[in-house]
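Everything below concerns the one structure shown next.
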Amino acid sequence: MSHSDLLNRFPRVRLMRGPTPMQRLDRLERVIGERRRGVSIWVKRDDLMELGGGGNKLRKLEFLLGQAIAEGCDTVIVTGGVQSNFARLAAAACARTGLACELVLAQMVPRHSEIYQGNGNVLLDRLFGASLHILAEGDDASGFANCRASEITASGGKAFVATLGGSTPVGALGYVDCAIEIAAQSVEMGIAFQQVVIPNGSGGMHAGLVAGAAVAGKDPSRIRAYTVLSSADACIAATVDKVNAVFELLGKEDRVQAEDLTISGTQLGRGYGMPTSEMVEAVRIVGRSEGLLLDPVYGGKAFAGLLSDIENEVIAPGSNVLFVMTGGSPGLYAYADVLSSN
């Protein structure tokens, strides 16, 4: 069975056009100078997608909306934090496909300013026509979403509930596809990447990339992640379970254990969505050297980890590294108070 046949068995709604490009950050390399230890830094531009402002969650949503439509659903209910990139892209994808969308947004980050609660992704959620349920601190988002699904069923509709980050085995198929895409682009470009670097929040992207790497015959430990949601130990345990669930869904006998994954907790700081000085510096140096935008919750922290590990030779000097730019730039506007100083 070919790689494409492996995924063609699953319902899918096409939300992106073709492979996302890769580019080398040669000016950033010059700016950081000897600190880069001869490492070639490349990015995969998963922020460059035409729908909803772009971002990695569209890969998951292709399969999740495919599942929802196949199950006869007319409404998608999404849970996430107030500034959820997944919620924003779900709203855009539902607008494109004609599905009703309800967003159940929980207070996952202790930031209560007007700019955080109403700008950035929240502004776009409303522009895309989603119905927003912004919960109070301590409210149960999953319980609320399931209650809304029951109410929709009682009124004659059918709702599909998409959990935090869309990180189900079905959602992770989008990053199985991405891993296969990276392998093909690497061959085409004649570049072997020793490390593929990502943030790990709810774990679905990491799970899909590891499963996809195995399908493509690559070492899963080369997927290097920085946890931005939970402790490294908790993140590893959750991601192992997700990877193995993806293998089961694909009908593969492969399995991973904790020692097969590479996940660092060095960039978590005070917790999910809480800024760090390293994140701010990473966002600024990429912006000022390349004119590219990293988001403050995921990509900014992971890129800070990448720069630190290159300088400290945790990542082998002279190697080729591919950083997956996951998008999320609308979230920058919700952190204007942190990022606006010189």
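Hydrogens, waters and symmetry mates play no part in the numbers below; they use all other heavy atoms, side chains included.
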Would you say Thr326 and Pro199 make side-chain contact, with heavy atoms under 4.5 Å?
yes
Val280 versus Val338: any side-chain heavy-atom pair under 4.5 Å?
yes
Please check: side-chain N/O of Ser150 versus main-chain N/O of Asn146, any donor-acceptor pairing under 3.5 Å?
yes
Close side-chain approach of Tyr226 to Val197, heavy-atom, < 4.5 Å
yes
Below 4.5 Å, heavy atoms only, C-beta onward: do Cys178 and Lys44 meet side chain to side chain?
yes
Heavy-atom nearest pair, Val39 first then Ala316, reads CG2-O, 3.6 Å
Kindly state each residue pair satisfying ring-ring contact (aromatic ring centres under 6.0 Å, His included) with at least one member in residues 133-157, sequence neighbours excluded.
His133-Phe144
Geometric cation-pi criterion, Lys57 with Tyr298: 6.0 Å, 45°
yes
Distance check, rounded to the nearest 0.5 Å: Ile285 atom CD1 versus Leu292 atom CG?
12.5 Å
Beyond-backbone contact of Tyr272 with Val297, side-chain heavy atoms, under 4.5 angstrom:
yes
Take Arg37 and Glu311, measure what side-chain contact (heavy atoms from CB on, under 4.5 Å) needs, and give me the verdict at the end.
CA-CA 7 Å; Arg37 305 293 191 258; Glu311 183 173 2; 4.1 Å; yes
ring-ring contact (aromatic ring centres under 6.0 Å, His included) between Tyr116 and Tyr335: does it pass, once the steps are laid out?
CA-CA 7 Å; Tyr116 185 86; Tyr335 286 80; 5.7 Å; yes
Between the CD atom in Glu62 and the CE atom in Met16, the distance rounded to the nearest 0.5 Å is 6.0 Å
ILVMFWY network linking Ile310 to Val324, side-chain heavy atoms under 4.5 angstrom
no
Heavy atoms, side chains only, cut-off 4.5 Å: are Asp337 and Arg111 in contact?
yes
Does Glu281 pair with Arg284 as a salt bridge, N-O distance under 4.0 Å?
no
Steps toward side-chain contact (heavy atoms from CB on, under 4.5 Å) verdict (Val82, Gln117):
CA-CA 7 Å; Val82 169; Gln117 295 290 323; 3.9 Å; yes
Roughly how far apart are Leu209 CG and Ile223 CD1, rounded to 0.5 Å?
5.0 Å
Measuring from Arg59:CZ to Glu181:CD, what's the distance to the nearest 0.5 Å?
4.5 Å
Point-to-point distance, once rounded to the nearest 0.5 Å, from CG of Leu132 to CG of Leu103
5.0 Å
Side chain to side chain, Leu127 and Leu124, heavy atoms closer than 4.5 Å:
yes
Are Arg27 and Glu290 within salt-bridge range, i.e. N to O under 4.0 Å?
no
With a sphere of 6.0 Å drawn around CD of Glu50, does it hold more than 12 non-hydrogen atoms of other residues, nucleotides or ligands?
yes
Side chains of Gln107 and His112 in contact at under 4.5 Å (non-hydrogen atoms)
yes
Near Glu137 CD, under 6.0 Å, is it more than 12 heavy atoms from other residues, nucleotides or ligands?
no
Whether the side chain of Gln83 engages the backbone of Asn119 through a donor-acceptor N/O pair (distance < 3.5 Å, no angle test) should be reported.
yes
What's the separation between atom CG in Leu173 and atom CG in Leu250, rounded to the nearest 0.5 Å?
6.0 Å
side-chain contact (heavy atoms from CB on, under 4.5 Å) evaluation trace for Phe10 with Val176
CA-CA 12 Å; Phe10 300 95; Val176 173; over 6 Å; no
